[in-house]
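One structure is given below, encoded as C-alpha cells.
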Amino acid sequence: MKTFIVLCVAVFALAAASQDIEIDWSTVRPLWEVSTWQDAHPKLMEIVRARKDMPKIEYGPAGRIVGGTYAQPHQFPYQVGLILHMDGGNSFCGGSLLSRNYAMTAAHCLDVANSAIVILGAHHIFDATEPTQQRILSDGSSFRLYPNWDASLVRNDLATLRLNTPADYIPGLVHSVRLPNFRQAEDGVTFAGQLSSISGWGRFNDSSNDLSPTLRYVRLPIMTNLACTLRWPGIIQPSNICADGANGGPCNGDSGGPVSVIEADGITTQVGVVSFGLALGCELNWPSAHARTTSFIQWIDDNTDHEIRENW
C-alpha cells in the first residue's frame, strides 16, 4: 500500500508539472507545409508532390496509423511526441526516449528546428491533464544530427536531443527503450522476417492533416533490403531498414518514431527510426524505410548517455 501511495503522489506531481507548458495545437502543421522545411528537404518534397497526384485507396473505419489499431495506454512507454518550433511555423514528429536525459528522432525532424517540446508518457496527446504526461523543453543547441545526414538523398536520417530537465521514469508507464547491442551491430543482424511495431500519433489517412489524438500502432514484417530496393530502386542503403507495407504503415506525423521488435528474451528493442515513405506509403501498400539503429550504435553511444549492451 505504501508503494502505491508514493507512486500516485509522484504521478500527480508530474501532471501538475506538465501543465506548465501549454501547446496551441492549432498552430501545429505538417512538416511539408512549413516553408523553411520545404526549402531544406527537396527530395522529401518530391515524394509529397508525387503522392498528391496518386489515387486514394479507402480503408475501413478501424482506428490505425494506417492499417493498424489503437495502442493500449502505455503499451509503448518509450514513445515520445515532439512539437517542433521552426522559423515559419510549428510542426510535429515522433521519437523515442533513450534515457532520462535524451530522446531520439529523425534528422529531418530537427534539422531546421530551433527548439522542441518533448511529450512523454502520453496516450491522448492533446490532454495535458493525463496523470503520466510530461512536457519538457529541449533547446536547439542540444540537437545532434548524425554528421553524414544528407537531406537531398534522405540518408542517415537520425538525430538526438537532450531534455532541459530529466524525465521522470514511472515503472511500466514511462521509461527508455532498449537499442540493439554492439555484437548485433558488428555481426550485421538485419532483423529481416521479424514482426515489427511502428507507433505514433501520425495522420491515419492521406485526406487528413490532423494528428490522431490517441496513440496508434501497426505490426509489419521487417523486409530484406534487397526486397525493399525493388520498390525503392537506387535509394535504399545498408543503413536503412524497411517494413513491408502490405497491411499499412506509418504516415505523416509519425516521422522519427520507433520501429521495434520483441526479441527472444521477450524485451522490446528499437531497430529503426521512421524516415521516409511518410507520404508515398500511407495508403498505397508501399514499404516504409527507416534509419537502421545498428548502423548508428557507436555514434549514439558517443553522443548520449544511453547504455548500450556489449552483447546478450
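Taking CH2 of W32 as the reference point, atom CH2 of W37 lies at 8.5 Å (rounded to 0.5 Å). Rounded to the nearest 0.5 angstrom, N303 CG and F296 CZ are separated by 12.5 Å. The NE2 atom of H41 lies 7.0 Å from the NE2 atom of H108; values are rounded to the nearest 0.5 Å. From I21, atom CD1 reaches atom CG of L137 across 4.0 Å, with rounding to the nearest 0.5 Å. A distance of 4.0 Å separates OG1 in T27 from CG in N90, rounded to the nearest 0.5 Å.
R178 and T269 form a side-chain donor-acceptor contact under 3.5 Å, judged by distance and modelled atom types alone. No side-chain donor from either of Q75 and Q72 sits under 3.5 Å from a side-chain acceptor of the other. In summary, the side chains of H85 and N114 do not present any donor paired with an acceptor at a separation below 3.5 Å, with no hydrogens or angles considered. With hydrogens and angles left out, the side-chain atoms of N101 and S99 include no donor and acceptor closer than 3.5 Å. A donor-acceptor contact closer than 3.5 angstrom is absent between the side chains of W149 and D157.
Put simply, the side chain of Y102 never gets that close to the backbone of L163: no donor and acceptor are under 3.5 Å apart. Formation of a donor-acceptor pair under 3.5 Å by the S142 side chain with backbone atoms of R162 is found in this model. A donor-acceptor contact shorter than 3.5 Å links the side chain of N240 to the backbone of Q237. Put simply, the side chain of N164 gets close to the backbone of D139: a donor and an acceptor are under 3.5 Å apart. In this structure, the side chain of T304 does not engage the main chain of D301 through any donor-acceptor pair within 3.5 Å. In this structure, the side chain of S138 does not engage the main chain of I117 through any donor-acceptor pair within 3.5 Å. Between the side chain of T224 and the main chain of A227, a donor-acceptor pair closer than 3.5 Å is present. Side chain of Q270 to main chain of G272: a donor-acceptor pair is present (N/O by atom type, distance under 3.5 Å, no hydrogens or angles). In this structure, the side chain of Q184 does not engage the main chain of V189 through any donor-acceptor pair within 3.5 Å. With hydrogens and angles ignored, the 3.5 Å screen pairs a side-chain donor or acceptor of W232 with a backbone N or O of P287.
With sequence neighbours excluded, no residue forms a ring pair (Phe, Tyr, Trp, His ring centres under 6.0 Å) with H123. Scanning for side-chain contact (heavy atoms from CB on, under 4.5 Å) contacts around A289 gives I236, C242, F276, with sequence neighbours left out. D302 is linked by a salt bridge (Lys or Arg N to Asp or Glu O under 4.0 Å) to nothing, counting only residues two or more places apart in sequence or in another chain. Under the salt bridge (Lys or Arg N to Asp or Glu O under 4.0 Å) criterion, R155 pairs with no residue at all, not counting sequence neighbours. For the side-chain hydrogen bond (donor to acceptor under 3.5 Å, both in side chains) test, no residue two or more places apart in sequence or in another chain qualifies with S91.
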R100 and Y169: side chain to side chain contact (heavy atoms under 4.5 Å, CB included), yes or no, with the steps?
CA-CA 7 Å; R100 286 182 169 88; Y169 283 2; 3.4 Å; yes

Start with the C-alpha distance between T132 and H74, add both sets of side-chain angles, then the distance that settles side chain to side chain contact (heavy atoms under 4.5 Å, CB included), and finish with yes or no.
CA-CA 9 Å; T132 57; H74 312 295; 2.9 Å; yes

Test side chain to side chain contact (heavy atoms under 4.5 Å, CB included) applied to I222 and I241, step by step:
CA-CA 7 Å; I222 298 294; I241 186 169; 3.8 Å; yes

Is there a salt bridge (charged side-chain N to carboxylate O under 4.0 Å, His left out) between R135 and E22? Walk through the geometry before answering.
CA-CA 9 Å; R135 296 178 175 183; E22 295 185 0; over 6 Å; no

Step by step, work out the side chain to side chain contact (heavy atoms under 4.5 Å, CB included) result for M86 and V112.
CA-CA 6 Å; M86 296 175 282; V112 296; 3.5 Å; yes

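Looking at every heavy atom in both residues, S199 comes nearest to Q79 through OG-OE1, 2.5 Å. Across all non-hydrogen atoms, the minimal contact from V274 to A106 is O-CB, 3.7 Å. Nearest heavy-atom pair, F76 versus A71, reported as atom, atom and distance to 0.1 Å: CE1-CB, 3.9 Å. Looking at every heavy atom in both residues, N156 comes nearest to S239 through OD1-OG, 3.6 Å. Of all heavy-atom pairs between E263 and R309, the closest is OE2-NH2, 4.3 Å. Of all non-hydrogen atoms in I136 and A167, the two that sit nearest each other are CD1-CA, 3.9 Å.
M104 pairs in a side-chain contact (heavy atoms from CB on, under 4.5 Å) with only one of the listed residues (T293, L161, V177, L97), which is T293. Of the candidates S176, S96, S260, Y78 forms a side-chain hydrogen bond (donor to acceptor under 3.5 Å, both in side chains) with just one, namely S260.
With contacts defined as side-chain heavy-atom distances shorter than 4.5 Å, the pair T160/L98 qualifies. Within the 4.5 Å cutoff, the side chain of T69 has heavy atoms near those of the Y217 side chain. By the 4.5 Å heavy-atom criterion applied to side chains, S196 and R219 are not counted as neighbours. Using a 4.5 Å heavy-atom threshold, the side chains of N181 and E310 count as separate. Side-chain contact between F92 and I83 is present, with at least one heavy-atom pair separated by less than 4.5 Å. Under the 4.5 Å side-chain criterion, counting only non-hydrogen atoms from C-beta, C93 is in contact with L84. Considering only heavy atoms from C-beta on, L179 comes within 4.5 Å of H306 through its side chain. A heavy-atom distance below 4.5 Å is found between the side chains of I125 and I119.
When the shell of 6.0 Å around CD of E307 is examined, it contains 12 or fewer heavy atoms from other residues, nucleotides or ligands.
A cation-pi contact, defined as under 6.0 Å to the ring centre and within 45° of the axis, links R231 to W286.
Cluster annotation: I262 and L215 are assigned to distinct hydrophobic clusters (Ile/Leu/Val/Met/Phe/Trp/Tyr, side-chain heavy-atom contacts under 4.5 Å, transitive). Hydrophobic cluster membership differs between M223 and V271, with clusters built from Ile, Leu, Val, Met, Phe, Trp and Tyr side chains linked at under 4.5 angstrom. Under the 4.5 Å side-chain heavy-atom criterion for ILVMFWY residues, no single connected hydrophobic cluster contains both L230 and V154.
Screening residues 171-194 for ring pair (Phe, Tyr, Trp, His ring centres under 6.0 Å), with sequence neighbours left out, gives no hits.
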